[in-house]
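Worksheet for the structure shown next.
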Amino acid sequence: MIIILKRGAEEARVQALCAELVGRGLKIHESTGSEARILGLVGDTKSINESWLLANPVVEVVRRVTEPYKKANRKFHPDDTVVEVNGVKIGGGQFAVIAGPCSVESEEQIEEVAAAVKASGAALLRGGAFKPRTSPYSFQGLRADGLELLRHARRATGLPIVTEIMNTEHLPLFEDVDMIQVGARNMQNFELLRRLGQTGKPILLKRGLSATLEELVMSAEYIMAEGNEQVILCERGIRTFETSMRNTLDISAVPMLKKMTHLPVVIDPSHAAGISWMVEPLAAAAVAAGADGLMIEVHNNPACALCDGAQSLTCEQFDALMQKIRPEAEFFGRRLSAG
């Protein structure tokens with residue numbers, strides 16, 4: 001249920017109403033947007049009579065929210081949320097490009113790529129330290145050593161770092177990570193989501209291979225219900241019957257998620273297609289569809305990459321991509337955030 005307050009509502013009366021609602025066992029999510037001030041009620045609202053609320057002199061409109069997600073719901077928060085990652089803004093007209101290798105492989109590799117993507121205009125550095133792989137025999141990442149190499153690259157370039165967490169046991173290692181990524185396989189690891197909600201850190205939440213958009217938003221709700229509203233949704237391709245590419249990019253997810261939720265939406269065209277030459281057109285489509293950012297895999301030598309070389313751009317290809325993306329983003333009214 002949401003309560004839209006009247007303009008100029010007397011603050012003392014508003015606080016008295018809030019106190020009474022809290023006394024009835026409800027939690028209140030308050031949002032002050034450009035058009036209205038809204039009280040979002042979270043909890044069992046069946047016993048709350050709409051006519052009782054409308055009789056209050058500070059109440060303009062009362063609406064019941066039927067969707068199971070509340071805090072992530074745009075009805076609760078009409079204006080776009082802007083997530084700030086160590087000074088880099090994403091959402092609300094701020095467009096950010098996250099770039100870097102699938103896996104951190106060596107100090108030389110990550111620092112070379114970091115310097116190159118920063119020079120091309122990337123705002124954040126991505127790199128996998130812990131890698132979930134289908135085969136137990138594939139490269140699993142450098143783990144804690146990989147995190148340390150990411151920190152070295154951050155010191156060298158100033159780029160905030162984004163990297164994936166696998167389970168709650170690793171949380172102490174991620175205290176110095178700027179934005180924590182939840183991979184597709186962990187999208188419904190609800191215990192992990194709850195713990196991440198208690199960190200207060202920005203979270204990049206990737207859509208599961210076969211997850212509906214509502215399931216993705218409900219996973220975001222798990223994080224937000226714990227008090228952390230710094231969540232970015234990431235569409236990275238879903239599993240369909242098509243076999244000519246790794247996954248199928250659901251570009252329609254961008255406008256639909258924008259209608260459903262106020263959270264920023266980022267597109268990962270690298271994982272979506274799994275083919276490097278497809279990254280540029282998919283990235284351009286994402287910008288046109290209204291995405292708030294891109295997540296691009298870049299490697300200094302894709303042919304020798306230990307993970308996902310086929311979908312990685314070279315540093316030169318990434319620079320060419322940025323030259324095309326920048327004017328397109330500006331054409332659609334978004335400003336590129338800088339690292």
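Ion pairing between a basic and an acidic side chain is recognised when a charged N comes within 4.0 Å of a carboxylate O; Glu235 and Arg207 show such pairing. Ion pairing of Glu226 with Lys201 is absent here, as no side-chain N (NZ or NE/NH1/NH2) approaches a carboxylate O to less than 4.0 Å. Here Asp292 does not pair with Arg334 in a salt bridge; the nearest charged N to carboxylate O distance is not below 4.0 Å. Looking at Arg64 and Glu50, a side-chain N of the basic residue comes within less than 4.0 Å of a carboxylate O on the acidic one, giving a salt bridge. At a threshold of 4.0 Å, the pair Glu60-Arg7 does not count as salt-bridged, since none of the basic side-chain nitrogens sits closer than that to a carboxylate oxygen. Lys70 has no carboxylate O lying under 4.0 Å from a charged side-chain N of Glu221, or vice versa, which leaves the two without a salt bridge.
Atom CD1 of residue Ile3 and atom CG of residue Leu5 lie 7.0 Å apart, to the nearest 0.5 angstrom. Note that CD1 of Ile48 is 5.0 Å distant from CG of Leu26, once rounded to the nearest 0.5 Å. A distance of 4.5 Å separates CD1 of Ile267 from CD1 of Ile251, quoted to the nearest 0.5 Å. A distance of 8.0 Å separates CD in Glu214 from CD in Glu67, rounded to the nearest 0.5 Å. Atom-to-atom distance recorded for Glu330:CD and Arg326:CZ is 7.5 Å, nearest 0.5 angstrom. Note that the CG atom of Asn301 and the NE2 atom of His299 stand 6.5 Å from one another [nearest 0.5 Å].
Note on Met1 and Ile38: separate hydrophobic clusters, where clusters join Ile, Leu, Val, Met, Phe, Trp and Tyr whose side-chain heavy atoms are under 4.5 Å apart, directly or indirectly. Under the 4.5 Å side-chain heavy-atom criterion for Ile, Leu, Val, Met, Phe, Trp and Tyr, Ile2 and Leu54 are members of distinct hydrophobic clusters. Residues Val42 and Met224 do not share a hydrophobic cluster, defined by chaining ILVMFWY side chains whose heavy atoms lie under 4.5 Å apart. Criterion: ILVMFWY side-chain heavy atoms under 4.5 Å apart, direct or through other members. Under it, Val265 and Ile238 are not part of a common hydrophobic cluster. Residues Leu125 and Ile180 share a single hydrophobic cluster, defined by chaining ILVMFWY side chains whose heavy atoms lie under 4.5 Å apart.
Looking at Asp178 and Leu124, their side chains never come closer than 4.5 Å, going by heavy atoms from C-beta outward. Taking the side chain as every heavy atom from C-beta outward, Gln109 and Asn300 approach each other to under 4.5 Å. At least one side-chain heavy atom of Val62 sits less than 4.5 Å from a side-chain heavy atom of Val59. For the pair Thr81/Ile232, no side-chain contact is recorded, criterion being any heavy-atom separation below 4.5 Å from C-beta on. Counting heavy atoms from C-beta outward, Leu313 and Pro302 have side chains that stay 4.5 Å or more apart. Side-chain contact between Met278 and Met245: present, with at least one pair of heavy atoms (C-beta onward) separated by less than 4.5 Å. Within the 4.5 Å cutoff, side-chain heavy atoms of Arg236 are placed close to those of Leu209. When side chains are defined from C-beta on, Val182 counts as touching Leu196, because their heavy atoms get closer than 4.5 Å.
Applying the ring pair (Phe, Tyr, Trp, His ring centres under 6.0 Å) rule to His170 yields the partners Phe130; only residues at least two apart in sequence or on another chain are considered. In this structure Asn228 satisfies the side chain to side chain donor-acceptor pair (under 3.5 Å) test with no other residue, sequence neighbours excluded. Annotation: ring pair (Phe, Tyr, Trp, His ring centres under 6.0 Å) contacts of Tyr222 (sequence neighbours excluded): Phe190. Qualifying side-chain contact (heavy atoms from CB on, under 4.5 Å) partners for Glu30, counting only residues two or more places apart in sequence or in other chains: Thr32, Arg37, Leu39. Every residue meeting the salt bridge (charged side-chain N to carboxylate O under 4.0 Å, His left out) condition with Arg246, not counting sequence neighbours, appears here in chain and number order: Asp308.
Enclosure of atom CD in Glu169 is not indicated, since only 12 or fewer non-hydrogen atoms of other residues, nucleotides or ligands lie within 6.0 angstrom. Other residues, nucleotides and ligands place more than 12 heavy atoms under 6.0 Å from the CZ atom of Arg151. Around atom CD of Glu11, more than 12 heavy atoms belonging to other residues, nucleotides or ligands sit under 6.0 Å away. Other residues, nucleotides and ligands contribute at most 12 non-hydrogen atoms within 6.0 Å of the CZ atom of Arg239. Shown here is Trp52, whose CH2 atom has more than 12 heavy atoms of other residues, nucleotides or ligands within 6.0 Å.
Taking every heavy atom of both residues into account, Ala122 and Phe318 meet most closely at CB-CZ, 4.0 Å. Of all non-hydrogen atoms in Ala123 and Leu159, the two that sit nearest each other are O-CD2, 3.6 Å. Listed here is the closest heavy atom pair of Ile275 and Ser244: CD1-O, 3.8 Å. The two atoms that bring Leu192 and Met166 nearest to each other are CD2-O, 4.1 Å, heavy atoms only. Shown here for Ser219 and Gln188, the closest heavy-atom pair between the two residues is OG-CG, 3.9 Å. Of all the heavy atoms in Ala283 and Leu321, the pair that sits closest is CB-CD1, 4.1 Å.
A donor-acceptor pair under 3.5 Å links the side-chain atoms of Gln317 to the main chain of Thr314, judged by distance alone. Here the side chain of Asp80 pairs no donor or acceptor atom with the backbone of Gly93 at under 3.5 angstrom. Distance alone, capped at 3.5 Å, is enough to place a donor-acceptor pair between the Ser120 side chain and the Ala116 backbone.
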* Asked: Between Glu105 and Ser103, does a side chain to side chain donor-acceptor pair (under 3.5 Å) hold up when you go through it step by step?
  -> CA-CA 6 Å; Glu105 300 170 2; Ser103 295; 5.7 Å; no
* To do: Could you walk me through whether Arg195 and Glu191 pass side-chain contact (heavy atoms from CB on, under 4.5 Å), step by step?
  => CA-CA 6 Å; Arg195 292 289 300 277; Glu191 186 59 31; 4.1 Å; yes
* To do: List the steps, then state whether side-chain contact (heavy atoms from CB on, under 4.5 Å) holds for Ile98 with Ile296.
  => CA-CA 6 Å; Ile98 308 165; Ile296 309 288; over 6 Å; no
* Asked: Under the side-chain contact (heavy atoms from CB on, under 4.5 Å) criterion, do Asp268 and Lys206 qualify, and how do the steps go?
  -> CA-CA 9 Å; Asp268 178 351; Lys206 285 198 163 187; 2.6 Å; yes
* Would you check, one step at a time, whether the test salt bridge (Lys or Arg N to Asp or Glu O under 4.0 Å) holds for Asp79 with Arg74? => CA-CA 8 Å; Asp79 291 344; Arg74 186 171 283 279; over 6 Å; no
* Could you check Asn73 against Thr261 for side-chain contact (heavy atoms from CB on, under 4.5 Å), going step by step and ending with a plain yes or no? => CA-CA 5 Å; Asn73 200 315; Thr261 178; over 6 Å; no
* To do: Evaluate the criterion side chain to side chain donor-acceptor pair (under 3.5 Å) for residue pair Gln311 and Ser270; output intermediate values, then yes/no.
  => CA-CA 6 Å; Gln311 66 194 37; Ser270 301; 5.5 Å; no
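For the residue pair Ser337/Gln94, the side-chain donor-acceptor check at 3.5 Å is satisfied.
Contacts classified as ring pair (Phe, Tyr, Trp, His ring centres under 6.0 Å) and involving residues 225-266 (residues at least two apart or in different chains) are given here: His77-His262.
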